[in-house]
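Below is one structure, written out as structure tokens, with a few remarks after it.
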Amino acid sequence: PVSSQGPPAPAAPEATRTDGLEITFPAANRTDTPATRDEEPSVNLEPKDTKLLLRLKARKSLDHDFYDTSAGLTFARTKPLDLFQNLALEARFDARNLPQGNGDLHSNEAFVGFSTGLHFRKGGLKLIDIDARYRWSRDQFFSNDGSLPNQISSEYGFESRTIVDGNIGGGLFRSAMWVDYGSINRNLGSYGRVAAMAGYGKEFVIRRKKHFHEISPPELSEPCWTSYPDPKNPDDTMKNEPTVGLELIVGGGRAWGSVPEYARFYGGNPPGQFLYDELSAQSLTSFPSGPQIRSLGQNEAGIVTEPGNVVSGGTSFWHASVNLSLPISSWSRPLIPHEWVTFSTMREGDEEFDGHAPAGANICRDLKATVKTLVSISGENLMVNQQARDMLTDAQKSDLLLRNQENPTAEEVARLQGAEEALARAKAQVRPEVEALFNREILPLTDFIADHANIISVKPLLMFDVAQLGLSNGQDNRTRYAAGGGLQLDIVMARFEFGYVAALNRAPGDPRGNFVGRLVLRRFF
């Protein structure tokens, strides 16, 4: 358990990022004892670097025969803190029956490939994931209205994907590029495709005006200073600062050569969530089917040709989509409530009080500030202890247990002293790296959750899409527009969105609009 200083006292000690808290660890053969920041926890977490993962996925339409299934086996070796975060070999089989314009596509595909991830410790760029694979497939395209010839063929091909993840300006950034080459059996030729996509998501905080003043909370024994406003309505202070959510997705692609109908681009509401899906998700590993236009169903938008409004796939596309969520303060409840916990004199992070509070004044600490302090101090120290312990020899780890030995011999005291010195050197070596990791990735996430996460929040949602499908001959290269609205519901880290998107400029045969919904687990880096 981790505990802060006890009840506030008139002489509350000054706390910094590296002291002012106590950490208690269970010790063998005796009752719990308090430890300082350098005390070694009696835990042993052996790293599991090699994994064999089975991944299964299935989707089924409720009102059609469409389905999409995937089964894969991945052998991976991971090192989360190294430059090469993982190396993996993968075998996967996909079976699907999906809409393709006015027709259906039946496809069975087998993949064998590898992937690797590069993890960067500095700058806004966090991760680059690269994979390449060999593909064999059996594809059957059936035109339900007879407007296009049916196609049944087998092919082999090679494809690769590169994804870049990062954090830019406090927002989540992801970009990806896919390259695909296929050779069709029966001397039907070959084709190539390339596509790229980028996305950015951020919660823009609407800051409250700070009001520096001294208060006397009934929970605390002495007056202290705060920067919280002194509102006419106390409930306003109990809310988190509101945020305006922005999500932007742009992309494009092109195909060339003898492109079969089943490999052409069709637009619609795609499966998966580009910004939030894990890197191994099929929505990211598979080549994009076409532009995102949420006023239509999956793969429903195609090129409308004459005569008879025949719908075929395109050989190029581009698209842009925007989500904008607007806050309503009365429709939210904070995850961590505003409750005064303790006070202390000014410390690191209290620079805003310079010139506003007297020197040596007590600063009020609420539950949010306490949570952030516990993570920054206790969490960092625990990780330093564990990383340092992993660097010791088995004999040194065993000698550390002599801390619990009653009446040790002189030889045991010497062994313990040597192990303690080795542990101290290891801690000094790993601490800069751990501090950098916390400052770069863990503390920004902790601060956002503490200050802005809501146990529940409901926001109006605005949606807009623009997309174009094209053919090399320029036939019917029309631009489709769509706009709509709905609601965004956040429950801690889970986000559910639903609404209606209407077609503002549509091709003949396109529906007037489409109901959309999605459930995602938010991520921040």
Close side-chain approach of [X] and [Y], heavy atoms under 4.5 Å:
X: L382; Y: Q386; value: no
X: N385; Y: K427; value: yes
X: R431; Y: E380; value: yes
X: I363; Y: R347; value: no
X: L400; Y: L392; value: yes
X: W340; Y: T226; value: yes
X: V384; Y: V434; value: yes
X: M463; Y: D465; value: no

What I want to find out is whether [X] reaches [Y] closely enough, with some N-O distance under 4.0 Å, to be called a salt bridge.
X: E278; Y: K57; result: no
X: R174; Y: D277; result: no
X: K459; Y: E203; result: yes
X: R193; Y: E159; result: no

Measuring from [X]:[atom1] to [Y]:[atom2], what's the distance to the nearest 0.5 Å?
X: L335; Y: H452; atom1: CG; atom2: NE2; result: 13.0 Å
X: D399; Y: Q405; atom1: CG; atom2: CD; result: 11.5 Å
X: E497; Y: R518; atom1: CD; atom2: CZ; result: 4.0 Å
X: W331; Y: L489; atom1: CH2; atom2: CG; result: 11.5 Å
X: F438; Y: L445; atom1: CZ; atom2: CG; result: 11.5 Å
X: D68; Y: S286; atom1: CG; atom2: OG; result: 7.5 Å

- request: Please say which of L461, V322, L275 ends up in a side-chain contact (heavy atoms from CB on, under 4.5 Å) with E247.
  value: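 For E247, the side-chain contact (heavy atoms from CB on, under 4.5 Å) check succeeds only for L275.
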message: For a side chain to side chain contact (heavy atoms under 4.5 Å, CB included) check, start with the C-alpha distance between Q396 and L423, then their side-chain angles and the critical distance, and finish with the verdict.
response: CA-CA 9 Å; Q396 290 169 332; L423 180 63; over 6 Å; no
- request: For A361, enumerate each residue passing the side chain to side chain contact (heavy atoms under 4.5 Å, CB included) test, keeping only those at least two apart in sequence or located in another chain.
  value: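 Applying side chain to side chain contact (heavy atoms under 4.5 Å, CB included) to A361 gives W225, A357, P358.
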Residues T345, N362; criterion side chain to side chain contact (heavy atoms under 4.5 Å, CB included); working and verdict: CA-CA 4 Å; T345 54; N362 289 325; 3.9 Å; yes
Looking only at heavy atoms, what is the nearest atom pair of [X] and [Y], with distance?
X: V250; Y: A320; value: CG1-CB, 3.8 Å
X: Q292; Y: H319; value: N-CG, 3.5 Å
X: F343; Y: C224; value: CB-CB, 4.1 Å
X: I128; Y: L125; value: CD1-CD2, 4.1 Å
X: A195; Y: F317; value: CB-CZ, 4.5 Å
X: I168; Y: F173; value: CD1-CG, 3.9 Å

Compute whether any side-chain donor of one residue and acceptor of the other, for [X] and [Y], lie under 3.5 angstrom apart.
X: S280; Y: R55; answer: yes
X: S325; Y: R495; answer: no
X: N240; Y: K368; answer: yes

Distance-only, no hydrogens or angles: does the [X] side chain make a donor-acceptor pair with backbone N or O of [Y] under 3.5 Å?
X: T69; Y: A95; value: yes
X: T116; Y: N86; value: yes
X: D94; Y: E109; value: no
X: W178; Y: L284; value: yes

- prompt: Is the OH atom of Y156 crowded by more than 12 outside heavy atoms at less than 6.0 Å?
  reply: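 For Y156, atom OH is not crowded (no more than 12 foreign heavy atoms under 6.0 Å).
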- prompt: Is it the case that more than 12 heavy atoms not belonging to L487 sit under 6.0 Å from its CG atom?
  reply: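 Count over threshold, so yes.
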E90 and T285: CA distance, side-chain angles, deciding distance, side chain to side chain contact (heavy atoms under 4.5 Å, CB included) verdict: CA-CA 12 Å; E90 178 192 27; T285 57; 5.7 Å; no
field: From CA spacing to verdict: salt bridge (Lys or Arg N to Asp or Glu O under 4.0 Å), K126, D165
entry: CA-CA 6 Å; K126 305 298 183 184; D165 265 359; over 6 Å; no
task: Any chance you could lay out the side chain to side chain contact (heavy atoms under 4.5 Å, CB included) test for V244 and L326, step after step, and finish with the verdict?
output: CA-CA 5 Å; V244 175; L326 306 175; 4.2 Å; yes
